[in-house]
Trainee: 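The structure that follows is given in the form of C-alpha cells.
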Amino acid sequence: MALGECWKQLSWFYYQYLLVTALYMLEPWERTVFNSLLISVAGMVLYTGYVFMPQHIMAILHYFEVIQ
C-alpha cells in the first residue's frame with residue numbers, strides 16, 4: 001500500500017515538473033534530450049561546486065584573515 005502511495009506522489013511531482021517547464025508539449029525523444037541535458041548540467045554544477053568551492057572559501061577566509 002505504501003509503495004503505491006509513493007508511486008502516486010512521485011508521478012504527481014513528475015506531472016507538475018512537466019507542466020511547469022512546458023515539457024508536456026514536446027515529443028518523448030525531445031523530452032529525453034532536454035532531461036539529459038538538464039541532468040548533465042546539474043551534475044557538472046554539483047561536481048564543480050564540490051571540487052572548487054572549498055578552494056574559494058579558503059581563499060576568502062585567508063583574504064579576510066579569519067584563518068592564518
Side-chain angles (χ1 to χ4, degrees):
M1 187 69 171
L3 187 60
E5 291 293 323
C6 182
W7 182 256
K8 188 184 285 188
Q9 187 72 21
L10 283 175
S11 65
W12 183 81
F13 282 132
Y14 179 69
Y15 293 139
Q16 289 297 313
Y17 164 70
L18 290 178
L19 288 172
V20 168
T21 56
L23 290 177
Y24 63 91
M25 296 185 296
L26 300 179
E27 293 183 18
W29 70 270
E30 294 171 325
R31 197 178 307 149
T32 303
V33 169
F34 178 82
N35 287 332
S36 299
L37 290 173
L38 182 66
I39 290 171
S40 297
V41 169
M44 287 187 281
V45 166
L46 289 174
Y47 174 76
T48 302
Y50 178 75
V51 170
F52 294 112
M53 283 306 288
Q55 296 172 4
H56 290 298
I57 291 172
M58 291 303 292
I60 291 168
L61 292 177
H62 283 292
Y63 179 77
F64 288 111
E65 298 177 356
V66 175
I67 295 178
Q68 297 298 327

Trainee: State yes or no: do F52 and Y47 share one hydrophobic cluster built from I, L, V, M, F, W and Y residues joined by side-chain heavy-atom distances below 4.5 Å, directly or via other members?
Mentor: yes
Trainee: Do V66 and M58 belong together in a cluster built from hydrophobic side chains that touch within less than 4.5 Å?
Mentor: yes
Trainee: Does atom OH (Y15) have a neighbourhood of more than 12 heavy atoms from anything else shown, all under 6.0 Å?
Mentor: no
Trainee: Determine the sole option in V33, T32, L38 for which the side chain to side chain contact (heavy atoms under 4.5 Å, CB included) test with S36 is passed.
Mentor: T32
Trainee: So which heavy atom on Y24 is nearest to which on R31, and how close?
Mentor: O-NH2, 3.9 Å
Trainee: With clusters defined by side-chain heavy atoms of hydrophobic residues (ILVMFWY) lying less than 4.5 Å apart, directly or transitively, does V51 cluster with M53?
Mentor: no
Trainee: Test your reading of the model: is there a side-chain donor-acceptor pair from S11 to the backbone of K8, 3.5 Å cut-off?
Mentor: yes
Trainee: How many angstroms lie between atom CG of L23 and atom CZ of F34, to the nearest 0.5 angstrom?
Mentor: 5.0 Å
Trainee: With a 4.5 Å limit on heavy-atom distance, are the side chains of W12 and Q16 in contact?
Mentor: yes
Trainee: Identify the two heavy atoms, one from G49 and one from P54, that lie closest to each other, and give their separation to 0.1 Å.
Mentor: O-CD, 3.8 Å
Trainee: Output the distance between atom CG (L26) and atom OG1 (T21), rounded to the nearest 0.5 Å.
Mentor: 8.0 Å
Trainee: Mind checking whether F13 and L19 sit in one hydrophobic cluster, side chains of I, L, V, M, F, W, Y counted as touching below 4.5 Å?
Mentor: no
